[in-house]
Amino acid sequence: MTLANGKVALVTGAGSGIGRAAALHLAAEGFSVGLLGRTESELQAVENEISAATGASKVLVADVADEMAMRHAVATLVQDFGRLDVVVANAGVNGVWAPIDDLKPSEWDDTIRINLRGTYLTIHASVPHLKAAGGGSIVIVSSINGTRTFTSPGATAYSVTKAGQLAMAQQLALELGRHRIRVNAVCPGEIETAIDENTDIRGRDKTEVPVRFPEGDIPVTGGVAGTSEDVAALIGFLASDRSRHITGTPIWIDGGQGLLR
């Protein structure tokens with residue numbers, strides 16, 4: 001079933017956090033949504049929620065860093081819904097944060113594989129279908145780390161991937177503009193998600209630079225973190241025709257946190 005607006009979106013990392021919120025937001029806006037991730041039970045829960053609200057979605061179990069799995073997942077989505085208009089490249093990990101001489105090559109590779117290779121493969125597999133649809137929007141979920149701030153202790157691999165995602169967005173905005181495909185980067189600050197539970201931090205005292213913040217380091221909210229729904233609303237705007245003249249642009253959604261840091 002393709003919904004009334006006839007458009008189809010792919011969201012990676014759709015089982016939780018920002019990806020889940022983005023999928024629910026786009027479904028509420030009338031998109032049929034491909035829910036891609038590695039944990040089928042989480043994706044199924046999101047699909048059930050969308051279905052209960054009379055939306056349309058498709059569970060796609062895949063590792064974003066696996067080329068064949070991604071090709072199959074995107075092809076399946078297009079086969080079921082007939083087209084692809086929006087891609088939200090959200091899947092990612094914080095990985096290991098450690099001093100550079102302690103960070104193991106395998107830990108570096110894991111973060112690069114998921115965050116950068118995964119973003120590349122998501123776009124690589126999707127662009128032919130966006131071209132076939134006559135254009136579309138790609139939204140890459142980056143971060144304030146590596147694009148605006150560099151104060152997270154030991155986050156070298158993570159920051160490099162987030163900077164790389166922004167460079168990818170700006171490079172591809174020019175390359176794909178002739179095909180009426182827009183590419184933008186959303187750069188969240190502190191957001192209430194479970195990603196920090198998967199962050200392995202070692203040797204903080206060896207890399208952290210002491211900084212004294214005012215009471216609360218998010219000026220707009222007095223230190224209260226943003227929500228996944230805040231980011232989802234921005235993604236929804238960039239996915240829509242309301243942002244038709246915006247491309248190659250990083251948009252920081254951090255309540256001013258990055259300016260302070």
Practice problem: Pick out which of Ile18, Asp230, Val11, Val86 makes a side chain to side chain contact (heavy atoms under 4.5 Å, CB included) with Ile235. | Solution: Ile18
Quiz prompt | Closest heavy-atom pair and its distance - Asp85, Gly6 | solution = OD2-O, 4.2 Å
Quiz item: Under the 3.5 angstrom rule, does the side chain of Asp241 hit a backbone N or O of Arg244 as a donor-acceptor pair?
Solution: no
Exercise. State, yes or no, whether a side-chain contact exists between Ser126 and Leu10 at a heavy-atom distance under 4.5 Å.
Key: yes
Self-check item: Non-hydrogen atoms of Ala173 and Thr247 that approach each other most closely
Solution: CB-OG1, 3.4 Å
Practice problem: Return yes if some donor-acceptor pair links the side-chain N/O of Ser57 with the main-chain N/O of Val33 below 3.5 Å, else return no. | Solution: no
Quiz item: If you count the non-hydrogen atoms of other residues, nucleotides and ligands that lie under 6.0 Å from CD in Gln44, is the total more than 12?
Solution: yes
Quiz item: If we only count heavy atoms from C-beta on, is the Tyr158 to Val93 side-chain gap below 4.5 Å?
Solution: no
Exercise. Please examine the side chains of Ile251 and Leu238, heavy atoms only from C-beta on, and report whether any two atoms are closer than 4.5 Å.
Key: yes
Self-check item: In one Ile/Leu/Val/Met/Phe/Trp/Tyr side-chain cluster, 4.5 Å: Leu166, Ile246
Solution: no
Exercise. Would you check, one step at a time, whether the test side-chain contact (heavy atoms from CB on, under 4.5 Å) holds for Arg38 with Val61?
Key: CA-CA 5 Å; Arg38 291 185 293 183; Val61 179; 5.7 Å; no
Exercise. Would you sort out whether Asp254 and Arg148 count as a side-chain contact (heavy atoms from CB on, under 4.5 Å), showing the intermediate values?
Key: CA-CA 10 Å; Asp254 65 357; Arg148 202 177 201 182; 3.3 Å; yes
Quiz prompt | Over all atoms of both residues, closest heavy-atom pair of Ala91 and Gly13 | solution = CB-N, 3.7 Å
Quiz item: Once you round to the nearest 0.5 Å, how far does CD of Gln170 lie from CD of Glu175?
Solution: 14.0 Å
Exercise. Could you tell me whether a side-chain N or O of Thr39 sits under 3.5 Å from a main-chain N or O of Ser41, the two making a donor and an acceptor?
Key: no
Quiz item: Is a side-chain N or O of Gln257 found less than 3.5 angstrom from the main chain of Glu190, in a donor-acceptor match?
Solution: yes
Practice problem: Please name the pair of heavy atoms, one in Ala56 and one in Ile50, separated by the smallest distance, quoted to 0.1 Å. | Solution: N-CG2, 3.7 Å
Practice problem: Please check if any side-chain donor atom of Ser152 sits under 3.5 Å from a side-chain acceptor atom of Asn145, or the reverse. | Solution: yes
Exercise. Please report the shortest heavy-atom distance between Gly95 and Thr111, naming the atom on each side.
Key: CA-OG1, 3.8 Å
Self-check item: From Leu43 atom CG to Leu60 atom CG, the distance as rounded to the nearest 0.5 Å
Solution: 8.0 Å
Quiz item: Taking side chain as C-beta onward, heavy atoms only, is Lys131 less than 4.5 Å from Leu176?
Solution: yes
Quiz item: Can a salt bridge be assigned to the pair Arg113 and Asp63 using a cut-off of 4.0 Å between side-chain N and carboxylate O?
Solution: yes
Quiz prompt | Gap between atom CZ of Phe150 and atom CD1 of Ile144 - 0.5 Å precision | solution = 10.5 Å
Self-check item: Salt bridge present between Lys104 and Asp109 (N-O < 4.0 angstrom)
Solution: no
Self-check item: Residue from Leu172, Asn184, Val127 passing side chain to side chain contact (heavy atoms under 4.5 Å, CB included) with Ile138
Solution: Val127
Quiz item: Taking all atoms of both residues into account, what is the closest heavy-atom pair of Leu77 and Gly34, and its distance?
Solution: CD1-CA, 3.6 Å
Self-check item: Exam field: side chain Ser159 to backbone Thr156, donor-acceptor pair closer than 3.5 Å
Solution: no
Quiz item: Taking it one step at a time, do Met70 and Thr122 satisfy side-chain contact (heavy atoms from CB on, under 4.5 Å)?
Solution: CA-CA 7 Å; Met70 286 302 294; Thr122 299; 3.5 Å; yes
Exercise. Without swapping roles, check the side chain of Ser142 against the backbone of Lys162 for a donor-acceptor pair under 3.5 Å.
Key: yes
Practice problem: State the SG-CH2 distance between Cys187 and Trp252, to the nearest 0.5 angstrom. | Solution: 6.0 Å
Self-check item: Straight-line distance of Gln79 CD to His72 NE2, nearest 0.5 Å
Solution: 8.5 Å
Quiz item: Do Leu35 and Lys58 have side-chain heavy atoms sitting under 4.5 Å apart?
Solution: no
Quiz item: Should Glu29 and Lys7 count as side-chain neighbours, where that means a heavy-atom distance under 4.5 Å?
Solution: no
Quiz prompt | Pair Arg20 + Glu42: basic N to acidic O under 4.0 Å | solution = no
Quiz prompt | Heavy-atom side-chain contact between Pro188 and Val141 under 4.5 Å | solution = yes
Quiz item: For His245 and Arg182, does a side-chain donor sit closer than 3.5 Å to a side-chain acceptor?
Solution: no
Quiz item: Does a side-chain heavy-atom distance below 4.5 Å link Leu103 with Trp97?
Solution: no
Practice problem: Please test Arg117 against Ile112 for side-chain contact (heavy atoms from CB on, under 4.5 Å), starting from the C-alpha separation and ending with a verdict. | Solution: CA-CA 7 Å; Arg117 176 180 169 85; Ile112 298 295; 5.9 Å; no
Quiz prompt | Residue from Val74, Val8, Val87 passing side chain to side chain contact (heavy atoms under 4.5 Å, CB included) with His129 | solution = Val74
Quiz item: Between atom CG of Asp66 and atom CD1 of Ile114, what is the distance when rounded to the nearest 0.5 Å?
Solution: 12.0 Å
Self-check item: Positive for side chain to side chain contact (heavy atoms under 4.5 Å, CB included) with Val186, one of Thr249, Asn90, Ile140, Val231
Solution: Val231
